[in-house]
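Here's the structure we're looking at; comments come further down.
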Amino acid sequence: MARLTGQRRRPVAGALTPQSEDFPRWYQDVVAKAEMADNGPARGTMVIRPYGYGIWELMQSELDRRIKATGAENAYFPLLIPLGYFAREAEHVEGFSPELAVVTHGGGEELAEALVVRPTSETVIGEFMAKWIQSHRDLPLKLNQWANVVRWELRPRLFLRSAEFLWQEGHTAHASHDDALEYLMRIHLEVYNDFLINAMSAPGYLGLKTPRERFAGAINSLTIEGMMRDGKALQMVTSHDLGQNFARVFEIGFQNEDGQSELCHTTSWGASTRLVGGLIMMHGDDQGLVVPPRVAPIQVVVIPVREEPEVLAAAERLVAELTGAGVRAVVDRGRASFGRRVTDWEIKGVPLRIELGARDLAAGQVTLVRRDTSDKLTRPLGGLVGEVTSLLERVQADLLVAAAARRDERTVDVESVEEALEAAQSGFARLPWAVVGEAGEDRLNAGAVSVRCLSRPDGTVPSDVNEPDLLAVVARSY
RNA sequence: CGGGAAGUAGCGCAGCUUGGUUAGCGCGCCUGGUUUGGGACCAGGAGGCCGCGGGUUCAAAUCCCGCCUUCCCGACCA
């Protein structure tokens with residue numbers, strides 16, 4: 001990680017734990033020191049601080065724009081769901097009951113029917129889809145909601161697994177399975193994968209979940225698995241083909257063109273605040289967070305070396321210019337020493353730092369420093385805006401290339417379950433799904449390794465887990 | 001939810017074994033001054049229900065019981 005020229009600074013008390021020393025500890029240090037989140041008072045709950053929430057808001061707007069471009073509309077459904085709704089779909093209730101929070105009392109009285117705090121909304125939304133859909137002319141129905149959900153987590157970790165988290169859940173109903181699948185694939189590729197690649201610089205492996213890893217109640221679950229810098233996998237997003245399972249129990253039906261009654265085919269798909277954790281662990285380094293410019297609440301920080309009126313004025317002018325051009329930029333007017341301010345912004349992962357001192361000003365220049373590579377550039381003060389915007393684009397692109405290179409470097413192709421178990425200690429392993437099978441999956445799971453997804457040899461998403469020649473991507477995971 | 005460890009100032013810790021004055025230290029914070037091109041320094045200062053509840057005792061941060069929370073390892077998950 002030491003890329004700086006000149007004297008290397010020594011570790012200082014209060015600095016981050018190095019990733020190589022203790023990755024989980026490094027993660028907690030970053031979350032705390034970059035002021036992203038705190039633990040809430042009740043077990044597993046999370047307080048998202050402004051800097052962390054700022055990243056989430058940008059993720060939201062990038063996702064929301066793409067979701068709406070597919071024709072889905074936002075709506076809102078209730079937090080509290082009658083317990084009975086969950087019981088209707090057998091696999092769904094079985095899958096979710098261990099992590100349900102149930103409200104049994106209200107207004108000082110025991111409730112006649114307990115209410116569940118939603119862990120996901122297939123059931124309520126199904127109920128209303130049934131009410132709203134009458135005819136094939138009402139289809140497809142494409143809804144999305146931004147909401148909080150609660151899942152009783154036994155081993156919480158900020159952003160990665162919390163009892164309450166924020167997400168987007170999309171729910172659609174279609175007249176045919178083909179139409180549902182076509183739309184689902186569009187969500188997976190044009191919304192999720194495009195968002196991950198272009199907004200988060202986060203490449204992943206796309207594929208299908210194995211039957212045991214599937215969403216409770218789905219006939220297929222699609223996933224995008226990202227590799228964290230410790231070689232473990234994180235499921236970044238999921239999209240589910242629910243077939244007619246929910247349509248059957250919630251009676252989501254319609255009359256076709258021939259006047260016949262048919263059941264709808266539904267889908268659901270989600271992306272959560274877990275993505276913030278993924279961003280931290282995919283791009284962060286020993287200096288702290290590294291935020292891709294498109295989701296960075298602060299893209300550029302201008303650091304005046306000293307508190308000198310001319311320098312401060314020049315810094316303010318520069319920020320005004322950048323802001324005017326749509327760049328999210330701030331001046332650090334803090335009185336801490338130069339070095340301290342620099343490291344504080346490094347921990348926060350601000351993509352680009354502009355150092356401005358009396359010497360620079362006299363020479364009519366500034367020093368630009370990239371967070372991702374620590375490269376320093378000297379550039380004329382005039383006409384910096386174009387330089388900065390193109391540099392931000394380059395950082396965005398280079399982060400993707402670097403993350404993909406790390407992923408490829410730590411993914412090995414193997415031929416047996418034993419080799420896969422070995423390889424998964426430091427990264428991902430890929431092997432024919434045919435040599436894994438149910439029994440192999442058991443052995444992997446026994447070794448704390450799981451099949452993250454099944455992919456075609458060319459990396460595309462299979463339409464069915466029984467397709468021939470599929471590859472299993474296996475890894476330890478979060 | 002099972003196994004382990006831990007909760008003392010915002011953060012990191014000492015004190016507890018062997019109960020007994022105003023509970024300490026480092027970092028951070030406040031005030032003033034000197035500083036500032038890679039985690040500054042000096043002086044002065046503020047800040048504590050010792051996780052919560054109960055018990056033992058003349059006396060509890062310290063001993064006992066219960067609970068809550070956090071971290072690590074497992075089983076479950078976005």
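Lettering of chains follows the sequences in order, A, B, ..., and the numbering in each one begins at 1.
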Task: Side-chain N,O (A/Gln28) to OP1/OP2 (B/C72) below 4.0 Å - done: yes
Open item on the list: Using atom P in both nucleotides, what's the gap between B/C76 and B/C11 to the nearest angstrom?
Closed with: 34 Å
Open item on the list: Looking at B/A23, which nucleotide sits across from it as a Watson-Crick or G-U wobble partner, both distances under 3.5 angstrom, or is there none?
Closed with: none
Task: Inter-nucleotide C1' distance (B/U57, B/G74), Å rounded - done: 42 Å
Task: Span that lies between the P atom of B/A23 and that of B/U35, in whole angstrom - done: 40 Å
Open item on the list: OP1 or OP2 of B/G39 versus the side-chain N and O atoms of A/Thr343: is any pair under 4.0 Å?
Closed with: no
Open item on the list: Can you confirm whether or not the ring centre of A/Phe159 sits under 6.0 Å from the ring centre of A/Tyr27?
Closed with: no
Open item on the list: Check this for me, if you would: do A/Arg161 and A/Glu99 make a salt bridge, where the nitrogen-to-carboxylate-oxygen distance has to be below 4.0 angstrom?
Closed with: no
TODO: Give a yes or no on whether a salt bridge exists between A/Arg294 and A/Glu62, defined as a side-chain N under 4.0 angstrom from a carboxylate O.
DONE: no
Task: Between B/U17 and B/A60 - P atom distance, rounded Å - done: 14 Å
Task: Nearest-neighbour nucleotide for the A/Asp344 side chain, B/C77, B/A78, B/G39 considered - done: B/G39
Task: Geometric cation-pi criterion A/Arg407 and A/Tyr205, 6.0 Å radius, 45° cone - done: yes
Open item on the list: Taking B/G15 as the reference, what is the distance to B/C73 when you measure between their C1' atoms (whole Å, please)?
Closed with: 30 Å
Task: C1'-based separation of B/C49 from B/G54 [nearest Å] - done: 16 Å
- [ ] Specify the residues of residues 436-444 of chain A, ordered by number, for which at least one heavy atom lies under 4.0 angstrom from an atom of RNA chain B.
- [x] none
- [ ] Using a cut-off of strictly less than 4.0 Å between a heavy atom of the residue and any atom of RNA chain B, enumerate the qualifying residues of residues 290-306 of chain A by number.
- [x] A/Val305, A/Arg306
Task: Between A/Arg157 and A/Ser162: side-chain donor-acceptor atoms closer than 3.5 Å - done: no
TODO: Would you indicate which nucleotide in B/G74, B/A78, B/C71 comes nearest to any side-chain atom of A/Arg155?
DONE: B/G74
- [ ] Check whether any side-chain N or O of A/Arg151 sits under 4.0 Å from OP1 or OP2 of B/C76, and answer yes or no.
- [x] no
Open item on the list: If you compare every side-chain N and O of A/Arg341 against the phosphate oxygens of B/U36 (OP1, OP2), does one of them come in below 4.0 Å?
Closed with: no
Open item on the list: Taking A/Arg212 first and then A/Asp442, would you say they form a salt bridge - that is, a charged N and a carboxylate O separated by under 4.0 Å?
Closed with: yes
Open item on the list: Roughly how many Å apart are B/G48 and B/U8, using the C1' atom of each and rounding to a whole number?
Closed with: 8 Å
Task: Aromatic ring proximity A/His92/A/Phe246, centre distance under 6.0 Å - done: yes
TODO: Please figure out whether A/His240 or A/Asn445 has its closest RNA chain B nucleotide nearer the 5' end.
DONE: A/Asn445
Open item on the list: Applying the Watson-Crick and G-U wobble criteria at under 3.5 Å, what pairs with B/G39? Answer none if nothing qualifies.
Closed with: none
Task: Per A/Lys376 side chain, nearest of listed nucleotides B/U36, B/G38, B/A75 - done: B/G38
